2 protein chains.
Amino acid sequence: MGRGKIKIKRIENSTNRQVTFSKRRAGLVKKAREIGVLCDTEVGVVIFSSGGKLYDYCSPRTSLSRILEKYQTNSGKILWGEKHKNLSAEIDRVKKENDNMQIQLRHLKGEDLNSLQHRELIAIEEGLQNGQTNMREKQAVILTLPVAPELI
Amino acid sequence: MGRGKIKIKRIENSTNRQVTFSKRRAGLVKKAREIGVLCDTEVGVVIFSSGGKLYDYCSPRTSLSRILEKYQTNSGKILWGEKHKNLSAEIDRVKKENDNMQIQLRHLKGEDLNSLQHRELIAIEEGLQNGQTNMREKQAVILTLPVAPELI
DNA sequence: ACATCTATCTATAATGC
DNA sequence: TGCATTATAGATAGATG
């Protein structure tokens, strides 16, 4: 539409490309607004220029966020699959750490020892003894302090 | 554009509205495709008809998901609502649990005791002694077994 | 409700300043 | 470089089958 017909393919001249981008972006947003009003629909448009700049439009009385939420429930497509996967993976990882520590704690308390090898029991025993040694040293320090331990 | 000019306001006749919706939706998507190709940009469009039906377009070689990911990093707006928040919250919760157990373990090993109150030290000491008691009982059982402990 | 047609309106490519 | 103009291509409102 204009003085000459153009082929729909990337405009090589970067100046022309930029100019056309501005014009057509405005046009696209205008059309989006119009269909929204005329047909009483919700419309969202997101455009990234090749320079990475962001432009968007969305019908009044709603938000991209809300439109996309609807999009997901309607299409069944998950838009943020990757992000969610990452978060879920982190949860799994942390929970596993958690379980391991839980078990260690139990062992140190003398619980759930039945499934352990002798070697492992020895290690725990050593851990307990180290702990007590350290603890006694600490207590000793406290007892030699000139004030009551409760106030430390 | 057409036999007559129209005002940009909701089309009351529902048949006309539906027809216009189809036509303009096609037009909008075509424009989106064109600006994408001509200007080498990424474009995403989401439309909900008033009947709740979903239509969308997105440049080839990408996906709405990717476009929206970019949208978020560029705009700083968060598009995903509850789900994401819930996952984040769970991560926080689990990590906190994690930290607490980490600390307990350290304490039982006799580390990081300096910041503790006397009362807390006593509790830990008791824990250690319980642990050792339980441990000794366990060891005693093992020692009375008819096979070498290593093979258990 | 759906496809086709066409007169008319709109968007815009090229141009000029 | 960016805005205003204008001739033309493209989109589409209403009509018709």
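Quick caveat, the model's predicted, so the values are computed rather than measured. Just so it is clear: chains get the letters A, B, ... in the order the sequence lines come, proteins before strands, and each one is counted from 1.
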* Encode nucleotides 10-17 of chain C as B, S and - characters from 5' to 3', where the letter depends on protein heavy atoms closer than 4.0 Å: B to the base, S only to sugar-phosphate, - to neither. => SBBBBS--
* To do: May I ask you to decide whether B:Lys95 forms a salt bridge with B:Glu90, counting only side-chain N to carboxylate O separations under 4.0 Å?
  =>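 B:Glu90 and B:Lys95: not salt-bridged.
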* Asked: With a 4.0 Å cut-off, would you call B:Arg66 and B:Glu42 a salt bridge?
  ->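 Looking at B:Arg66 and B:Glu42, the cut-off is not met.
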* Look only at the side chain of B:Ser59 and the backbone of B:Val43, and say whether a donor-acceptor pair between them is shorter than 3.5 Å. =>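 Confirmed, B:Ser59 side chain pairs with B:Val43 backbone.
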* Asked: Are any side-chain N or O atoms of B:Asn98 and backbone N or O atoms of A:Val94, one a donor and one an acceptor, separated by less than 3.5 Å?
  ->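 At least one qualifying donor-acceptor pair exists.
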* Measure the distance from CG on A:Asn13 to P on D:dT1 and round it to the nearest whole Å. =>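 Distance check: A:Asn13 CG to D:dT1 P gives 10 Å.
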* Asked: Taking CZ from B:Arg17 and C1' from D:dT12, how many angstroms apart are they, rounded to a whole number?
  ->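 Atom CZ in B:Arg17 sits about 18 Å away from atom C1' in D:dT12.
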* **Min side-chain heavy-atom separation B:Arg33-B:Val29 under 4.5 Å** =>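 Yes - at least one pair of side-chain heavy atoms lies under 4.5 Å apart.
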* CG-OG distance between B:Leu54 and B:Ser49, expressed to the nearest 0.5 angstrom ->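 One gets 8.5 Å once the value is rounded to the nearest 0.5 Å.
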* Asked: Does A:Ile67 belong to the same Ile/Leu/Val/Met/Phe/Trp/Tyr cluster as A:Ile47, with side-chain heavy atoms less than 4.5 Å apart forming each link?
  ->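 In one cluster: no.
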* In sequence, state the C-alpha distance, the side-chain angles, and the governing distance for A:Tyr55 and B:Tyr71, and then conclude on ring-ring contact (aromatic ring centres under 6.0 Å, His included). => CA-CA 9 Å; A:Tyr55 302 88; B:Tyr71 175 87; over 10 Å; no
* Asked: For the helix from C:dC2-D:dG17 to C:dC17-D:dG2, how many degrees between its two end axes (five pairs per end), to the nearest 10°?
  ->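 Taking the rotation axis at each end, their angle is 20°.
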* To do: Using a 4.0 Å heavy-atom cut-off across all strands, classify B:Ser22 as base, sugar-phosphate, or nothing.
  =>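 The residue B:Ser22 makes no contact with any strand.
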